[in-house]
**Student:** 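Dropping a structure here in structure tokens format, bear with me for questions.
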Protein chains: 2
Amino acid sequence: MGLHVEGKDLRKAGLKVTLPRLKILDILEGSATRHLSAEDIYRRLIDTREDIGLATVYRVLTQFETAGLVTRHHFEDGMAVFELNQGEHHDHIVCLDCGRVEEFVDEGIEERQRVVAARLGYEIRHHALVMYGHCRKPDCPGAGKLRADS
Amino acid sequence: MGLHVEGKDLRKAGLKVTLPRLKILDILEGSATRHLSAEDIYRRLIDTREDIGLATVYRVLTQFETAGLVTRHHFEDGMAVFELNQGEHHDHIVCLDCGRVEEFVDEGIEERQRVVAARLGYEIRHHALVMYGHCRKPDCPGAGKLRADS
DNA sequence: GTATATGCAAAACTTTTGCATCCTT
DNA sequence: AAGGATGCAAAAGTTTTGCATATAC
């Protein structure tokens, strides 16, 4: 998997085209799991012998977030994970056993949220809905277990 | 506002009744803002000249969480906040200007979530929905401002 | 009296910042 | 050439842990 990105995306976002930014964008684009921590990204850079510091990873991710290229999430472990913004808004469901993250959109939920926010008098800027549970998929370590109380 | 708690709650939760635990429970019960960080609680302890260490605050809060007495949330700033469990599940709406946190329940949203989880094959354990916006309340620093794009 | 809880200090971990150097434009 | 970006190291912020002492039961 080579570089999926030309500098266009970066230039369009008002950012200089530099190697660290290209590499990090490439990792975010090429990753099977779409939600990566700064450490995840840093490790992948090291694996490909890129000489990019962890501080730069954080700086670049923050710039990407400001530019609207990525979204920063805080799932319940507290550590930030970053996701490339492609397509439209969506919510998340996280497997407590394998850490898998899936995305979904439900217009009913979106609509009810608008109603609730209006009732409470808020002008909503964004929101985050995350469900946590057991995915029970065959390759999930929690799959074999009987459905226990926890 | 004196102690609201006897040792009962603690004993029922299987925890020894100690001064730090009573004080912290008392703070959680007596606070106007129901969502407090460990640091918030620690500061209030210092204000009342309680000689309780920050490490103990963290330990106690974690035990309370395990015992089901409190819930730990991660709003988008990343720092953990703790909330006393009283009444049933609810979701949150946070003001970006003043930090105010309000709670709500919408059965429509709950129901749609169950449908989505079933469709994706997950057994849900819990979920967190947080909306972020501007509350526009009179005492909010963001109140006077025209509704700008951000 | 025994087991558990606490305080303090130190460590661990995540994220940010200062500064000299390097790179993009 | 000039301004912004990077690497490294150090700092800052949050949370956890080790250990001797104190406390609950």
Side-chain angles (χ1 to χ4, degrees), chain A residues 3 5-27 35-46 48-67 69-82, chain B residues 3 5-27 35-46 48-67 69-82:
Chain A
L3 279 190
V5 208
E6 332 283 294
K8 298 173 207 150
D9 303 327
L10 289 174
R11 240 180 292 262
K12 211 168 9 178
L15 296 168
K16 275 190 191 173
V17 179
T18 67
L19 198 81
R21 302 217 255 237
L22 283 172
K23 290 293 182 194
I24 292 172
L25 206 42
D26 187 44
I27 287 174
H35 301 79
L36 300 172
S37 69
E39 190 68 34
D40 289 337
I41 292 174
Y42 180 57
R43 204 159 25 244
R44 295 191 190 202
L45 288 168
I46 292 191
T48 30
R49 282 161 200 57
E50 296 296 337
D51 202 1
I52 296 175
L54 182 55
T56 299
V57 174
Y58 275 103
R59 271 186 296 234
V60 167
L61 287 171
T62 300
Q63 293 156 350
F64 282 5
E65 185 190 21
T66 303
L69 289 175
V70 308
T71 300
R72 183 192 307 248
H73 301 286
H74 285 99
F75 295 152
E76 67 182 354
D77 60 89
M79 207 175 52
V81 295
F82 299 83
Chain B
L3 280 190
V5 209
E6 333 282 295
K8 298 174 210 150
D9 303 327
L10 290 173
R11 243 181 289 262
K12 210 166 13 173
L15 295 168
K16 275 189 190 173
V17 179
T18 67
L19 198 82
R21 301 213 255 237
L22 283 172
K23 289 294 182 195
I24 292 172
L25 205 42
D26 188 43
I27 287 174
H35 301 79
L36 300 173
S37 68
E39 191 67 34
D40 289 336
I41 293 173
Y42 180 57
R43 206 161 21 246
R44 294 189 190 203
L45 288 169
I46 292 191
T48 30
R49 282 161 200 56
E50 297 296 338
D51 202 2
I52 295 175
L54 182 55
T56 298
V57 174
Y58 275 104
R59 271 186 295 232
V60 167
L61 287 171
T62 300
Q63 293 156 349
F64 283 5
E65 185 190 21
T66 303
L69 289 175
V70 307
T71 300
R72 183 192 306 251
H73 301 286
H74 286 101
F75 295 152
E76 67 182 355
D77 59 90
M79 207 174 52
V81 296
F82 298 83

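Below, chain A is the first sequence line, B the second, and so on; all start at residue 1. Because the structure is a prediction, the values reported are computed rather than measured.
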**Student:** What I want to find out is whether D40(B) reaches R43(B) closely enough, with some N-O distance under 4.0 Å, to be called a salt bridge.
**Tutor:**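 Looking at R43(B) together with D40(B), the answer is yes, because their closest N to O distance falls below 4.0 Å.
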**Student:** Flag the pair R72(B) / T62(B) as yes when at least one side-chain heavy-atom distance between them is below 4.5 Å, and no otherwise.
**Tutor:**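 Side-chain contact under 4.5 Å: yes.
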**Student:** Distance check needed: dT6(D) C1' versus R21(A) CZ, whole Å only.
**Tutor:**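 Atom-to-atom, R21(A) to dT6(D), this comes out as 10 Å.
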**Student:** What residue among I46(A), L54(A), L61(A) forms side-chain contact (heavy atoms from CB on, under 4.5 Å) with I41(A)?
**Tutor:**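 So, applying the side-chain contact (heavy atoms from CB on, under 4.5 Å) to I41(A) and each of I46(A), L54(A), L61(A), only L61(A) qualifies.
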**Student:** Nearest-Å distance, OH (Y42(A)) to P (dT16(C))?
**Tutor:**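 So the OH-P distance, Y42(A) to dT16(C), works out to 16 Å.
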**Student:** Would you mind reading off the distance between K23(A) atom NZ and dT6(D) atom P, rounded to a whole angstrom?
**Tutor:**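 From K23(A) NZ to dT6(D) P: 14 Å.
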**Student:** Does V60(A) offer a backbone N or O that forms a donor-acceptor pair with the side chain of R21(A) under 3.5 Å?
**Tutor:**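 Between the backbone of V60(A) and the side chain of R21(A) there is no qualifying donor-acceptor contact (under 3.5 Å).
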**Student:** Just compare dT6(C), dA5(D), dT15(D) and give me whichever is closest to any side-chain atom of Q63(B).
**Tutor:**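 Of all the options, the side chain of Q63(B) is nearest to dT6(C).
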**Student:** Which atom pairs, donor and acceptor, lie under 3.5 Å between side-chain atoms of residues 74-82 of chain B and protein residues at least two apart or in another chain?
**Tutor:**
unit_1, atom_1, unit_2, atom_2, d
H74(B), ND1, E76(A), O, 3.2
E76(B), OE1, H126(A), NE2, 2.8
E76(B), OE2, H126(A), NE2, 3.4
D77(B), OD1, M79(B), N, 3.0

**Student:** Roughly, in whole Å, what's the span from CE in M79(B) to P in dA12(D)?
**Tutor:**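 Rounded to the whole Å, the gap is 18 Å.
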**Student:** To the nearest Å, how far apart are L61(B) CG and dT6(C) P?
**Tutor:**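 About 11 Å, once rounded to whole Å.
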**Student:** Starting at NE2 of H74(A) and ending at C1' of dT15(D), how long is that distance when rounded to a whole Å?
**Tutor:**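 Taking NE2 of H74(A) and C1' of dT15(D), I get 14 Å after rounding.
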**Student:** May I ask you to decide if I52(B)'s main-chain N or O and T56(B)'s side chain share a donor-acceptor pair within less than 3.5 Å?
**Tutor:**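 No; judged by distance alone, with no hydrogens or angles, the pair does not exist.
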**Student:** Reading nucleotides 16-25 of chain D 5' to 3', which nucleotides get B (base under 4.0 Å from a protein heavy atom), which S (sugar-phosphate only), which -?
**Tutor:** BBB-----BS
**Student:** Tell me the interatomic distance from E50(B), atom CD, to dC8(C), atom P, rounded to whole angstroms.
**Tutor:**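 Distance, rounded to whole Å: 13 Å.
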**Student:** In this structure, how many angstroms lie between the P atom of dT6(D) and the CD1 atom of I52(A), rounded?
**Tutor:**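 I52(A) atom CD1 is separated from dT6(D) atom P by 8 Å.
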